[in-house]
Engineer: 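Below you'll find the structure I mean.
Treat the numbers as computed from the prediction; the structure is a model and nothing was measured. Read the numbers this way: they start at 1 and go in the same order the structure lists the ligands and their atoms.
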Amino acid sequence: MPPDTAVRLGTFDPADTGGLKEEVAKERLRDLNRRLENLQELLYAEGKHKVLVVLQAMDTGGKDGVIRRVFEGVNPQGVQVAAFGRPTEEELAHDYLWRIHPHTPGAGEMVIFNRSHYEDLLVVRVHALVPEEVWSRRYRQLNEWERLLAEEGTTIRKFYLHISPEEQAERLQERLDDPTKRWKFRLGDLDERARWADYTAAYEAVLSQTSTTWAPWYVVPADRKWYRNLVVASVLVETLEGLQMGYPASEDDLTGVVIPPAG
Ligand code: AMP
Ligand code: MG
């Protein structure tokens, strides 16, 4: 999203496929996936840049699927996932970024946020967990905090996985019907679904006010899992390629070194 745009989610089709056929998209994803593997290794080897990927979505939007599919084969040593659920009492006793900051990436690392600091402008706003005067200043605070991270060398990309309420109904039904998926289903998910319009408004405010040049949001059509994965993978590969990374030399002078027989 370009900065300072009034985003209306109704203008984005969750079932968009960019005119691609599933088979073609899957083939492209395989290619992007391999490139991502190499780029992540380069990121780690160079040890310079920090990369933060933020995933947000309504329930069943596909955050877990993106992590599984887009990062398939990527070396788990250099990629971490941080999931943010309901805050503990200790976390609530602090400012809302206290629990987030320790999970931001260090040099050479990539971190994926499965939910994020944005919940403090989403679930918190929808359920009025804090007064409006408190949450309303968080748009500015988050922009400033992300700016700090960016100025200190963090590349940030934020994704809103955009599904339709019809697709969510199907996915929730699947979870209900499949004993291997039922553990993901909570009755509370239905209360959240009942607040679809409120969440949409909260997401629109986030997308309109917190997409910045240093930490842009992408609205990803997510009804088709294969297109969703392709879009996220494309953005990440393009972003990492844009960092112009290079493999560092060894710290030692290796000219003329021959591997001797083992002693
Ligand atoms: P799940 O992603 O299904 O494991 O669910 C995590 C739950 O934690 C969701 O219902 C989120 O809305 C909730 N959650 C995450 N962050 C916050 C927060 N800052 N305040 C309140 N609830 C949160
Ligand atoms: Mg859930």
Engineer: Could you check whether any heavy atom of E91 sits closer than 4.0 Å to an atom of ligand 1, since that is the contact criterion I want to use?
Structural biologist: no
Engineer: Show which atoms of ligand 1 fall inside a sub-4.0 Å distance from at least one heavy-atom site of R99.
Structural biologist: 16 (N), 17 (C), 18 (C), 19 (N)
Engineer: Does any part of the side chain of L92, heavy atoms only, come nearer than 4.5 Å to the side chain of P87, both counted from C-beta?
Structural biologist: yes
Engineer: For the 3.5 Å polar cut-off, considering only N or O atoms, please tell me whether R115 and ligand 1 meet it.
Structural biologist: yes
Engineer: Which residue holds the protein heavy atom closest to atom 12 (O) of ligand 1, what is that atom called, and what is the gap in Å?
Structural biologist: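 For atom 12 (O) of ligand 1, the nearest protein heavy atom is E119 OE1, 3.3 Å.
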Engineer: Measuring from atom 23 (C) of ligand 1, which candidate in V123, V130, D191 has the nearest non-hydrogen atom?
Structural biologist: V123
Engineer: Report yes if some heavy atom in the side chain of Q209 is under 4.5 Å from a heavy atom in the side chain of L121; otherwise report no.
Structural biologist: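 A side-chain contact is absent here, since even the closest heavy-atom pair is not under 4.5 Å.
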Engineer: Going by the atom numbers of ligand 1, which of them fall below 4.0 Å from some non-hydrogen atom of D120?
Structural biologist: 19 (N)
Engineer: Quick one: does T60's side chain get under 4.5 Å of D189's, heavy atoms only?
Structural biologist: no
Engineer: Considering non-hydrogen atoms of the protein only, which is the closest contact for atom 13 (C) of ligand 1, and what is the distance?
Structural biologist: R86 N, 3.8 Å
Engineer: Can you check whether K63 has an N/O within less than 3.5 Å of an N/O in ligand 1?
Structural biologist: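 Between K63 and ligand 1 (N or O atoms, distance only) the closest approach is not under 3.5 Å.
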Engineer: Counting each atom of ligand 1 from 1 as listed, which ones have a heavy atom of V124 under 4.0 Å away?
Structural biologist: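 Listed by number with element: 20 (N).
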Engineer: How about I112 and K63: do any of their side-chain heavy atoms sit closer than 4.5 Å?
Structural biologist: no
Engineer: Provide, to 0.1 Å, the distance between atom 18 (C) of ligand 1 and the closest protein heavy atom, together with that atom's residue and name.
Structural biologist: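 Going atom by atom, the protein heavy atom closest to atom 18 (C) of ligand 1 ends up being P87 CD, 3.5 Å.
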Engineer: Would you check if W214 and T154 make a side-chain contact, meaning some heavy-atom pair closer than 4.5 Å?
Structural biologist: no
Engineer: Can you find an N/O atom of L129 closer than 3.5 Å to an N/O atom of ligand 1?
Structural biologist: no
Engineer: One thing to verify: whether E72 and R69 come together as a salt bridge, which I'm taking to mean a side-chain N less than 4.0 angstrom from a carboxylate O.
Structural biologist: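 Salt bridge between R69 and E72, a charged N being under 4.0 Å from a carboxylate O: yes.
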Engineer: What I'd like to find out is whether the side chain of M58 reaches to under 4.5 Å of the side chain of T200, using heavy atoms alone.
Structural biologist: yes
Engineer: Is R147 salt-bridged to E144, cutoff N-O under 4.0 Å?
Structural biologist: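 Here R147 does not pair with E144 in a salt bridge, since their nearest N and O are not under 4.0 Å apart.
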